[in-house]
*Asks:* 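Mind having a look at this structure? Questions to follow.
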Amino acid sequence: MNVLALSHSNGIAARISKYLDIPLIRAQRKKFPDGEIYVRIPQALDDTTIIVQSLEYPQSENFIELLECIEAARGLNTQRIITIIPYLAYARQDKRFLEGEPITVKIILKTLESLGVDALITVDIHQERSLKEWLSIPARNVLPYKEIASYFKNKLESPLVLAPDKGALKRAKLVAEQLNTDFDYNEKKRDRITGEVTVLPRKINVENRDIIIVDDIISTGGTITLATKSALENGANKVYVACTHALLINGALDRIFSAGATEVVATDTVKSPISKISVAPTLANALKEFI
Ligand code: R5P
């Protein structure tokens, strides 16, 4: 068995290799002058190859690199390929919101399967049902909310876990259960054309509570900024923010801190200055079920 680290494994491949005592190989990657991606696996592979690549920015290039490595691994006669994708990009477009749009998560998953991936492990995919909908190979969605809860354990006064919208409620619930506290969600409206987001008045009482806002992704930070402002305006004591995938586009962190957040933390599925919680141990455990 081998663990193959691609250019955006973010150290997760090396950690899995160490935890499970599986030899690590690093794939070579370069870019041709015209922008095409070249990869090479520099040595022979064992029967099972575990390929690790996060689809963080530049997500489309990283996806091509992953596909090339899957094909290269097949060419080296490995018998079984398990792909670990800590951040699975393009997952938010999981249906046709407007006529004429593609379902991008379908493209990603179906392409992986058609290239001969035997199993897939990812972390906190936007909608878990996408895996069932578009894959027939074994797939596992690992959730990092125990680890996120441990990070905050004994740090907060009267914590309340808040999802910035109904879609994130399950995530808030998981953190709250670990912290033995309550949870709720904000009502959010997003205009699909302009992208404008408004937080509707909610019924929860955040007064004098330390709030942990939990979401799967922080992209521009707009959603979290609104939730942070709203919690503080309604009397919250402090606001902490946690997410799985810290994409942090266009000054997202500045926006969130300016809204009054005390701390923002994320897992290491995406490289960022706040990626302090590693998903590698959880991924290694999930992998044990497949090997
Ligand atoms: C949306 O459904 C996701 O769960 C996140 O709430 C969203 O991607 C965050 O985006 P942004 O940081 O740009 O508000």
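Remember, it's 1-based here, ligands and their atoms both numbered in the order they're listed. These figures come from a predicted structure and were not determined experimentally.
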*Asks:* Should the pair Tyr87 and His245 be assigned to parallel (<30°), tilted (30 to 60°) or perpendicular (>60°) ring geometry?
*Replies:*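 Tilted.
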*Asks:* What pairs with Lys30 under side chain to side chain donor-acceptor pair (under 3.5 Å), at least two apart in sequence or on another chain?
*Replies:*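 Not a single residue meets the side chain to side chain donor-acceptor pair (under 3.5 Å) criterion with Lys30.
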*Asks:* Just to be sure I read this right, does ligand 1 sit under 4.0 Å from the backbone of Thr223, its side chain, both, or neither, counting only heavy atoms?
*Replies:*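 It is both parts that get close, each with some atom under 4.0 Å.
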*Asks:* Show which atoms of ligand 1 fall inside a sub-4.0 Å distance from at least one heavy-atom site of Ile218.
*Replies:*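 Answer for ligand 1: 12 (O).
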*Asks:* How long is the straight-line distance from CD1 of Ile103 back to CD1 of Ile108, given to the nearest 0.5 Å?
*Replies:*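 So the CD1 of Ile108 and the CD1 of Ile103 are separated by 13.0 Å.
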*Asks:* Any atoms of ligand 1 less than 4.0 Å from a non-hydrogen atom of Asp216? List them with their elements.
*Replies:*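 Under 4.0 Å from Asp216, ligand 1 has these atoms: 3 (C), 4 (O), 5 (C).
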*Asks:* Only pairs at least two apart or in different chains count here, so list each ring pair (Phe, Tyr, Trp, His ring centres under 6.0 Å) that has a residue in residues 140-179.
*Replies:*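 Applying ring pair (Phe, Tyr, Trp, His ring centres under 6.0 Å) to every pair that reaches into residues 140-179, excluding sequence neighbours, yields Phe152-Tyr240.
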*Asks:* Within the 3.5 Å criterion, strictly below it, is a donor on Asn62 or Arg29 matched to an acceptor on the partner's side chain?
*Replies:*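 Short answer, yes.
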*Asks:* Compute the shortest N/O to N/O distance between Gly221 and ligand 1 and return yes if it is under 3.5 Å, no if not.
*Replies:*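 Between Gly221 and ligand 1 (N or O atoms, distance only) the closest approach is under 3.5 Å.
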*Asks:* Heavy-atom distances under 4.0 Å decide this one: backbone, side chain, both or neither, for Thr220 against ligand 1?
*Replies:*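 It is both parts that get close, each with some atom under 4.0 Å.
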*Asks:* Would you mind finding which of Arg171, Lys166, Arg92, His126 brings a heavy atom closest to atom 2 (O) of ligand 1?
*Replies:*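 Ranked by closest heavy atom to atom 2 (O) of ligand 1, first place is His126.
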